[in-house]
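Worksheet: one structure, shown below.
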There are 2 protein chains.
Amino acid sequence: MAKSSTPSRERIVAGAADMISRRGLSATSIREMAKHAKAPLGSTYHYFPEGKQQLATEAVRYTGEWVARALRKELEAGPVEGLRAFLALWRAIVVESDFRAGCPVLAVAIEEAPADEIPPALAAAAEVFDQWESLLAASLRAHGAEAERAAQLATLVVASVEGTVAMCRAKRSMEPLDRTAEQLEALVAGAIRG
Amino acid sequence: MAKSSTPSRERIVAGAADMISRRGLSATSIREMAKHAKAPLGSTYHYFPEGKQQLATEAVRYTGEWVARALRKELEAGPVEGLRAFLALWRAIVVESDFRAGCPVLAVAIEEAPADEIPPALAAAAEVFDQWESLLAASLRAHGAEAERAAQLATLVVASVEGTVAMCRAKRSMEPLDRTAEQLEALVAGAIRG
DNA sequence: CTCTGGCTATAACGATCGTCATAGTCTACC
DNA sequence: GGTAGACTATGACGATCGTTATAGCCAGAG
């Protein structure tokens, strides 16, 4: 085989990320994910033999990589431009879904509360947040921001955007993101200036 | 009857809020909520005849009121003190649950993505966010902050704390909240000074 | 004491869940 | 052309979901 490298597997992952971002992890069944990706149910267990956890983990990582790629590219023009791209990206997801979709990474991070062990999907979410923060912090430092402040600001950006997206969905309004955007842009601009 | 006003009903709501904050709405069953509150399943439908939606709605409002009460009290000492109390409150929830609990309002806000109509629990979440923002913004304005800036900052505080709590849970570390706290305190202090 | 009505106990309803097993199809290579 | 192995089709498993129904309990009012 091999030629294939069918986008089938990737379609499932991307579709899973989308559905998780709308309804949360445990409200999204494997059957629905398969149907949404026009793949048979059997295929999901063929590609993801460890079941739902594996699929959720890959969906988180997929989203993480997708956002990180956009972030890396836009950060080349500077931290403010990177921030603006980050904001625009989430704005588009919320607007284009008519306030129904958000961030699948946050959705997974919130729904996993095991007693004994850490599920892989939760660990993946932590790594994705770290990755986004690292990209922002590195760019801030490269433009003159002090290290500690850069780290703090990067965390604030990721956290507040995640929270704001959820608030926009609840309120069915983009005003929270507008407000957060203005504050964050001023903060980032100030950090690389002084 | 009437004398009763048994705390039974309230116990169910409080327990539901706690469980939702740990596992999310759809991962929390009514049976488990009843058991957690040591109430029979029948009672749940007696007190909340509209079922899970009603219970979720009341859990959101219950949490909203509880936080708002703490916020109102501590804001009397000023915006910075109010912010600190807000941060301490969420810090305690995360730490005392060993990173397993978060904010039930956020959990509900994220898990509801209906096609046709807005579920009452989601509307309640929007109102709770609004309430928290209003309290913070009013305090900021009362201490000299310009109105627009106060509103923006209030949104940023609520959103970033919500997001940070989720990040702390995923990373199993309080570092994100430490960083966010420092940034927010500086911002609030700056806003009421100039 | 009787009776009323808030609360509980118990069982069931259809639906759907995650997961697995098994047999079948198809394609790529020898 | 035949064989291997990737993928699909189908159906079942036990469990659990939200919800409802019905019968029973038990305190307080008359």
Side-chain angles (χ1 to χ4, degrees), chain A residues 1-17 19-20 22-60 107-108 111-115 117 119-122, chain B residues 1-13 15-17 19-20 22-60 107-108 111-117 119-122:
Chain A
M1 65 117 262
K3 138 54 203 344
S4 180
S5 104
T6 328
S8 182
R9 205 194 121 105
E10 185 175 337
R11 262 208 340 269
I12 297 176
V13 173
M19 298 191 70
I20 291 171
R22 292 169 187 261
R23 316 200 272 214
L25 176 54
S26 60
T28 305
S29 75
I30 292 202
R31 270 170 253 256
E32 287 172 318
M33 299 194 218
K35 181 163 291 185
H36 182 274
K38 288 184 193 356
L41 174 60
S43 296
T44 39
Y45 282 93
H46 176 75
Y47 291 120
F48 313 96
E50 291 171 48
K52 196 179 190 179
Q53 267 296 322
Q54 184 184 0
L55 190 36
T57 305
E58 299 212 17
V60 166
V108 166
E111 275 203 59
E112 300 268 6
E117 54 180 344
L122 184 57
Chain B
M1 67 114 250
K3 137 57 202 341
S4 176
S5 106
T6 328
S8 183
R9 205 194 120 105
E10 185 174 338
R11 261 207 341 269
I12 297 176
V13 174
M19 298 191 71
I20 292 171
R22 292 168 187 263
R23 317 202 272 214
L25 176 54
S26 59
T28 306
S29 76
I30 292 201
R31 269 171 255 256
E32 287 172 319
M33 300 193 218
K35 181 163 291 185
H36 183 274
K38 289 181 191 2
L41 174 60
S43 298
T44 312
Y45 282 94
H46 175 75
Y47 291 121
F48 313 96
E50 290 171 49
K52 195 178 191 180
Q53 268 296 320
Q54 184 183 358
L55 191 36
T57 305
E58 299 211 19
V60 166
V108 166
E111 275 203 59
E112 300 268 6
D116 39 1
E117 52 182 343
L122 184 56

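Residue numbers begin at 1 in each chain, while the letters A, B, ... track the order of the sequences.
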Phosphate contact (C/dT16 OP1 or OP2) by A/Ser29 side-chain N/O below 4.0 Å: no
Please output the side-chain donor-acceptor pairs of residues 30-40 of chain A that fall under 3.5 Å, not counting sequence neighbours, one pair per line with the distance.
| residue | atom | partner | partner atom | Å |
| --- | --- | --- | --- | --- |
| A/Glu32 | OE1 | A/Arg23 | NH2 | 3.1 |
| A/Glu32 | OE1 | A/Ser29 | N | 3.2 |
| A/Glu32 | OE1 | A/Ser29 | OG | 3.3 |
| A/Glu32 | OE2 | A/Arg23 | NH2 | 3.3 |

Interatomic distance, B/Lys52 atom NZ to B/Ile20 atom CD1 [nearest 0.5 angstrom]: 7.5 Å
Integer-rounded Å distance: C/dC20 C1' and A/Phe48 CZ: 17 Å
Student check: side-chain heavy atoms of B/Thr28 and B/Arg22 closer than 4.5 Å: no
d(CG, B/Leu41; C1', C/dA9) in whole Å: 10 Å
Distance, rounded to the nearest Å, where B/Tyr45 contributes OH and C/dA9 contributes P: 17 Å
Among D/dT8, D/dC17, C/dC17, the nucleotide that comes nearest once only the side chain of A/Glu32 is considered: C/dC17
Candidates C/dC17, C/dA9, D/dG18 - which lies nearest the side chain of A/Arg31: C/dC17
Rounded interatomic separation in angstrom, taking CD from B/Gln53 and C1' from D/dC17: 15 Å
Whole-Å distance separating the CD1 atom of B/Ile30 from the C1' atom of C/dA15: 15 Å
Candidate nucleotides C/dG18, D/dG18, D/dC7, ranked by approach to the side chain of B/Lys52 - the nearest: D/dG18
Rounded distance in Å - NE2 (A/His46) to P (C/dG18): 20 Å
Spacing of B/Met19 atom CE relative to D/dC17 atom C1', expressed in whole Å: 14 Å
Rounded distance in Å - CD1 (B/Ile12) to C1' (C/dG6): 14 Å
Over all atoms of both residues, closest heavy-atom pair of B/Gly24 and B/Ala107: CA-CB, 4.3 Å
Touch class at under 4.0 angstrom, heavy-atom based, for B/Thr28 against every strand present: sugar-phosphate
